[in-house]
2 protein chains.
Amino acid sequence: MERVSNREKILTEGLKVVHAQGFANASVRDIVAAAGVPQGSFTNHFESKEAFGLEILDLYFANNRAVMEETLLNDALDPLKRLRQWIDRNAARNECSGFRNGCLIGNFTAEAAAHSEAMRKRLIAIIAEIHAAIATCLKAAVKAGELPKGFDCSGTAEFIFTGLQGATLMAKAEGNAAPIDRFKKTLFAKVLR
Amino acid sequence: MERVSNREKILTEGLKVVHAQGFANASVRDIVAAAGVPQGSFTNHFESKEAFGLEILDLYFANNRAVMEETLLNDALDPLKRLRQWIDRNAARNECSGFRNGCLIGNFTAEAAAHSEAMRKRLIAIIAEIHAAIATCLKAAVKAGELPKGFDCSGTAEFIFTGLQGATLMAKAEGNAAPIDRFKKTLFAKVLR
DNA sequence: AGAAAAAATATGTACGACCGTATTGAAAGC
DNA sequence: GCTTTCAATACGGTCGTACATATTTTTTCT
């Protein structure tokens, strides 16, 4: 029987609660209730709610990074196919909530970046890492002849992540995948050529 | 001496507070303090905080609509120039806060859409109206020969708003206009042709 | 290897602050 | 003189966090 510490339960279940309800709207009591642990455990393991927020952001991004390595950075596939798969995987992650949860990175940016400098710094670092992964993929596409020589890989990488964030946000409002599909279609038809 | 009712003060000052701090993080006491009115006035004029939220969203969008009419829907200018001005005006609105405030429409989508169906419905209506305005502008561009015949105006309109939302969100994280500039550049160079 | 010491984790409860909202009555404008 | 607005205070609930105690795990020493 595998032993799961309370700390881990708070992180994994708390991530779900915060992702669904938003950081400010998810109380510590909501989080420990979802984790099925007593309230004192939260104080024991986290210095503050904000410190907990930073940890679940890292946890979320760890999953994100794993997806990036299976798709964007996966040399076994054609570069642009990797990019498409990455977008699809990101969309698929949101499908289970009817796209209502959005992306935690975007949610935290909207909600917490204004009043927690630590969180904003962390978000900037995460965004930069994603930009870099997309740019690496685009460079591979240039090398493979899927994109023209001289293509602005790093600039377009930023454009792509920005667009995907916006599409994920709009999907949250509308409750369906249409904005993401729309983004994908225009991206591949117009920008990546 | 112009008389400004407490209700109006709560709306205009409260909008600023909520825009800067987020809806959940802005308390009713913060709002009435910024408005310089007693706390009872809030209860007098608004059925609930959520009802107040819907009103400031409408107020924000009223400003937004005015900008759209001066830019996107202004027949005196070339269509694509209108679009560019509209994006610039949107960016300029955020500049004063170092881009940290973001767009209230996006902020509310990220924060409130999940737990207030009324707010989500209102956001959908607002987004549809903006889509329509952009599409009208693009259709004018086609008519003027700035875009090819058969250009997908309504689809691209959605793509543009989605992208601008994402760019505004990323600008909030980074605290500067770079994501918006990046978006604009790629949009006009690749998508609008 | 086993006991003692130390550290980390678990748990229940409590605190003070702040939340959104209610209530009551005075002031004011048509 | 009736209706709307203004104003002050209060209420019950929830918030993030603190704290005292119990239990488990890890480390250290003989």
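At whole-Å resolution of the value, CD in A:E47 and P in D:dT17 are 10 Å apart. As a whole-Å value, the separation of B:E8 CD from D:dC6 P is 11 Å. In this structure, A:N25 places its CG atom 12 Å from C1' of D:dC15, rounding to the nearest Å. A:F23 places its CZ atom 13 Å from the P atom of D:dC15, with the value rounded to the nearest Å. What separates CZ of B:F46 from P of C:dC19 is a distance of 18 Å, to the nearest Å. Atom CD1 in A:I31 sits about 14 Å away from atom C1' in D:dT14, given to the nearest Å. Summarising the geometry, the separation between CZ on A:F52 and C1' on D:dT17 is reported as 15 Å, rounded to the nearest angstrom.
Remark: the A:T186 side chain and the A:R182 side chain contain an N/O donor-acceptor pair separated by less than 3.5 Å.
Checked by distance alone, A:Q39 brings a side-chain donor or acceptor within 3.5 Å of a matching partner on the base of D:dT17. For a distance-only test at 3.5 Å, the side chain of A:N44 qualifies as a donor-acceptor partner of the base of C:dA10.
Taking side-chain N and O atoms only, B:T43 has no distance below 4.0 Å to OP1 or OP2 of C:dT21. Taking side-chain N and O atoms only, B:N6 has no distance below 4.0 Å to OP1 or OP2 of D:dT5. Distances shown here put every side-chain N or O of B:H45 at or beyond 4.0 Å from the OP1 or OP2 atom of D:dT4.
Toward the 5′ end of DNA chain C lies the nearest nucleotide of A:F42, the other residue of the pair A:F42 and A:R29 mapping further downstream.
For B:P38, counting side-chain heavy atoms from C-beta on, the closest listed nucleotide (C:dT21, D:dA7, D:dT17) is D:dA7. Of the candidates C:dA14, C:dG20, C:dT11, the closest approach to any side-chain atom of B:K49 belongs to C:dG20. Here C:dT11 is the nucleotide among C:dA14, D:dC6, C:dT11 with the atom lying nearest to any side-chain atom of A:S41.
The shortest heavy-atom contact between B:I126 and B:I105 is CG2-CD1, 3.8 Å.
For the side chain to side chain contact (heavy atoms under 4.5 Å, CB included) test with B:Q85, the passing option among B:N74, B:N90, B:L77, B:L72 is B:L77; the others fail.
Here A:S27 lies in heavy-atom contact (under 4.0 Å) with sugar-phosphate atoms only.
A salt bridge is absent between A:E146 and A:R82: the closest approach of a Lys/Arg side-chain nitrogen to an acidic carboxylate oxygen does not fall below 4.0 angstrom.
Classification of the A:F183-B:F159 ring pair by plane angle, with boundaries at 30° and 60°, yields parallel.
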